[in-house]
Structures are given as C-alpha cells and as structure tokens.
Amino acid sequence: MDAGSYTGLIERYRSVLPLPEDCRVISLHEGNTPLVRCLNLDTVNRKEIKLYLKLEGMNPTGSFKDRGMTVAITRAVSEGCHAVICASTGNTSASAAAYAARAGIKAFVLIPEGNIAMGKLAQAMMHGAIILQIRGNFDDGMSLVRKVADETPVKIVNSINPYRLQGQKTASYEIVEALGSAPDFHCLPVGNAGNISAHWVGYSELAAENNQNVTQACGFCNGDCTFISLPKVTSKPKMLGYQASGAAPFITGKVVEKPQTVATAIRIGNPQSWDFAQAAINESNGWFRSFSDEQILNTQKLLAASEGIFCEPASAASVTGALHDIESGNVPDGSTVVCTLTGHGLKDPDIAIKQCHARLETIDADLDSVRRSILDDL
Ligand code: F0G
C-alpha cells in the first residue's frame with residue numbers, strides 16, 4: 001500500500017472480500033466516492049429530508065462498475081484467466097476494458113449497435129477491448145455471452161459473476177461509514193438488477209449479528225492503524241428500485257422483449273439478477289416504480305442546474321423516484337435518503353446536448369459585444 005493514500009476498495013475491504021491473500025490486486029483506486037448532501041431541491045427542503053447523492057461517476061472509468069470489476073478481474077487473474085468477456089449497455093464494457101488493460105489480459109465486449117453512449121464506446125476502444133457490436137440488444141448479448149463462455153476459455157465479468165456483486169457491496173459499507181448508520185431509504189436505478197442486489201448484500205452483512213467481527217484494513221495510513229471497526233449497525237434501509245417505463249420488467253412482472261428508453265444504460269428487458277433484486281425489495285419492504293424518459297431527463301437537468309451534479313440519464317432515475325416518493329409521502333418527512341448516481345454525465349454528451357435548451361450565443365470577438373451580452377443577462 002502507498003503510504004498515507006487510499007489505494008482502492010480491495011485494500012480497504014479485504015477482510016470482507018473473497019480473494020486469496022497473496023493475489024495480485026488489479027486496481028485503479030476505485031471506490032471512496034463522495035456522498036454529497038443535496039442543498040437546493042425544493043421538495044427535499046420542504047419535507048426536511050436529508051438527501052445524499054453517492055457519486056459513483058467519480059470512479060476511475062466514470063461508473064459504479066469499477067467496484068465490481070476490480071474484484072472480478074483480480075479474481076480472474078488469480079485463477080489464471082487470460083481473457084474476459086461481457087455483454088454491456090456501455091459502462092460494464094468500459095470498466096472491463098480498463099481493468100483488463102491494467103491486468104494485461106484481453107477483454108471481449110458485446111454491445112448493442114447504435115445504442116450505447118459515445119463516451120462509453122470511446123473508453124472501450126481506447127482501452128483496447130475487442131468490441132463486437134451486435135445487431136441486437138443487451139439481453140441478446142447476455143445470452144450469447146453465457147453460451148460462448150461455455151465453450152471458449154473466457155471468463156464472464158457481467159454481474160452474474162458473483163465477485164462483481166461482492167465488489168459492489170462496498171458502496172453500502174462506505175455509506176454506513178459516512179453516515180454512522182444505514183439510511184432509511186436507498187434509491188437505485190435498476191437495469192440488470194445486480195447493483196441493487198449488491199447493496200442489499202452489503203447492508204445485510206453490516207446489520208448481521210456477528211458484524212463486530214468485521215474489521216477493515218484502513219487504507220489511509222502506513223501501518224500504525226492497520227484495522228478499523230465499522231459502526232455497529234442495527235437497521236437496514238428500505239431499498240427502492242426505479243426503472244424506465246419502456247424497460248420495466250419489475251413493473252410488468254415479465255420479460256420485456258423490446259426494451260426502449262433514452263437511458264440506454266438501463267435498456268434491459270430480462271434482468272439477470274431478477275430473483276436477488278426482488279428478494280432485496282421484499283426483505284427490505286421497499287418497492288419498484290417506473291418513470292417516463294421525460295421525467296428522467298428532467299431530473300437529470302434539475303440536478304445539473306440546481307446542485308451542480310451531472311449524472312447520466314439512467315442515474316437520474318434514482319432521484320426521479322426519490323423525489324416522487326418524497327412528494328407523495330411514501331418516504332416520510334425527515335427521512336435520511338441515499339440515491340446512487342451510477343454514472344457520470346460526461347458519458348453521454350449527445351443526449352445532454354440534444355435535450356438541453358441552454359442558449360448558445362455566437363457573438364463577435366470584441367469588447368462591446370461581450371459587454372452587451374453580459375449586461376443583457378445580469
Ligand atoms: N446505471 C448505469 C449508469 C448503468 O450503467 C447500469 C447498468 C445501471 C444503472 C443498472 O445497474 O444493471 O446493476 O441494475 N449497466 C450495465 C452495463 C448493464 O452493461 O453497463 P444494474
């Protein structure tokens with residue numbers, strides 16, 4: 001570990017991650033993301049809600065996927081794998097490509113042609129993944145990946161790989177450490193349903209009776225303080241999962257054959273972690289809900305314009321849902337709520353620019369014109 005600096009979630013949470021002690025850790029110092037309190041949202045302030053945003057877009061490749069990928073790739077390398085594969089709506093492919101590059105192994109990624117955000121495609125390309133654009137959607141890609149991994153020596157690093165969920169559960173650990181307790185509600189966008197499942201694993205571990213045995217490698221010091229204990233947690237949050245209306249299998253109760261949404265990250269009709277996610281909702285007394293693309297994009301703009309936080313469209317589904325449930329009283333006044341913002345807004349500049357009506361004024365390059373524009377707007 002580097003003296004005095006954070007070196008990634010494997011070092012920090014090693015004691016609760018299923019990795020061999022002597023393995024080569026493949027890390028880009030992911031995790032340790034900001035938990036930022038909302039200050040300016042009317043609904044939140046009126047109802048005296050403490051609303052926190054977990055900025056997972058601040059991970060090295062710009063999404064929460066890095067938490068799972070560091071563990072999955074570390075594990076794959078420790079097992080002697082030379083190639084990994086995933087189907088992806090974009091972020092998983094970006095993350096797999098980056099961590100495979102770091103490890104010096106190959107990444108094959110299957111993505112739906114024409115339906116992934118530009119930033120994510122650029123990442124997979126830059127990191128040297130072998131990119132297979134399929135004439136089909138994510139669900140088609142997922143079923144192909146499952147089949148091909150049965151007959152070729154490639155390791156699947158989608159969230160059906162259990163080490164992915166193990167890495168992603170660390171977000172719950174960080175939230176509990178930051179707040180000193182679990183929030184009352186935790187809101188997430190739901191696509192393939194791995195992340196909501198992973199968060200529930202984390203919260204459940206922390207609340208388990210024997211959690212006093214859970215100690216963590218601190219990650220911040222040079223050996224003086226090798227272990228810290230987690231706060232004793234007695235409660236777990238209600239888990240709230242939000243989907244886009246055109247890709248909402250948890251609402252319709254069946255696989256959606258042709259999922260459609262502008263939030264391409266969650267354009268998924270047949271979630272692989274269906275049962276885990278449903279169990280998280282049932283056990284926590286939470287719920288699923290869905291929202292239109294227009295509602296999701298409005299929230300994306302609201303967050304960017306009023307809190308200074310730019311997330312990608314899929315991520316905004318969590319806050320869309322939270323605001324709806326706060327306004328309608330399903331989330332009681334005074335509650336502590338965490339929304340995960342799963343990916344950075346810069347992943348998908350096309351959608352942002354297309355939907356945003358910000359004035360773009362072209363003026364002459366002289367002082368008069370600049371002065372006039374400023375005075376007009378003051
Ligand atoms: N938000 C973003 C930005 C995502 O990229 C994803 C999933 C989700 C939310 C949903 O999380 O699948 O665990 O329910 N993206 C995957 C991908 C499917 O391929 O990048 P989930």
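Only heavy atoms go into these numbers, but all of them, side chains included; no hydrogens, no water, no symmetry mates. Note that ligands are numbered from 1 as they come in the structure, with each ligand's atoms numbered from 1 the same way.
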Visitor: Just go through K120, K65, H344, Q243 and tell me whose heavy atom is the nearest to atom 16 (C) of ligand 1.
Guide: K65

Visitor: Using a 4.0 Å cutoff against the non-hydrogen atoms of T92, which atoms of ligand 1 qualify?
Guide: 16 (C), 17 (C), 19 (O), 20 (O)

Visitor: Begin from the C-alpha positions of E56 and N195 and carry the test side chain to side chain donor-acceptor pair (under 3.5 Å) through to its verdict.
Guide: CA-CA 12 Å; E56 290 291 276; N195 208 25; over 6 Å; no

Visitor: Compute the minimum heavy-atom distance from S159 to ligand 1 and say whether it is under 4.0 Å.
Guide: no

Visitor: Of the choices G62, P112, S88, which has the non-hydrogen atom that lies closest to atom 19 (O) of ligand 1?
Guide: S88

Visitor: With a 4.5 Å heavy-atom cut-off, do P189 and F291 have their side chains touching?
Guide: no

Visitor: Using distance alone, decide if ligand 1 has a nitrogen or oxygen within less than 3.5 Å of any nitrogen or oxygen in A193.
Guide: yes

Visitor: Name the atoms and distances for all side-chain donor-acceptor pairs under 3.5 Å in residues 75-87, with sequence neighbours left out.
Guide:
| residue | atom | partner | partner atom | Å |
| --- | --- | --- | --- | --- |
| R75 | NE | E79 | OE2 | 3.0 |
| R75 | NE | Y163 | OH | 3.3 |
| R75 | NH1 | P18 | O | 2.9 |
| S78 | OG | R75 | O | 2.8 |
| E79 | OE1 | K155 | NZ | 3.3 |

Visitor: Could you say whether the N/O atoms of N91 and ligand 1 ever approach to under 3.5 Å?
Guide: yes

Visitor: Kindly confirm or rule out an N or O of A314 lying under 3.5 angstrom from an N or O of ligand 1.
Guide: no

Visitor: Using a 3.5 Å cut-off on N or O atoms only, is S315 in polar contact with ligand 1?
Guide: no

Visitor: Does I268, backbone or side chain, put an N or O under 3.5 Å from an N or O of ligand 1?
Guide: no

Visitor: Please determine, by modelled atom types, if S369 and D364 share a side-chain donor-acceptor pair under 3.5 angstrom.
Guide: no

Visitor: Assess the pair Y203 and H186: is the distance between their ring centroids shorter than 6.0 Å?
Guide: yes

Visitor: Any idea which atoms of ligand 1 are less than 4.0 Å away from a heavy-atom of V190?
Guide: 14 (O)

Visitor: List for me each residue that meets side-chain hydrogen bond (donor to acceptor under 3.5 Å, both in side chains) alongside T299, sequence neighbours excluded, and say none if there are none.
Guide: T320

Visitor: Under a 3.5 Å cutoff, is there a donor and acceptor pairing between the side chains of E312 and S315?
Guide: no

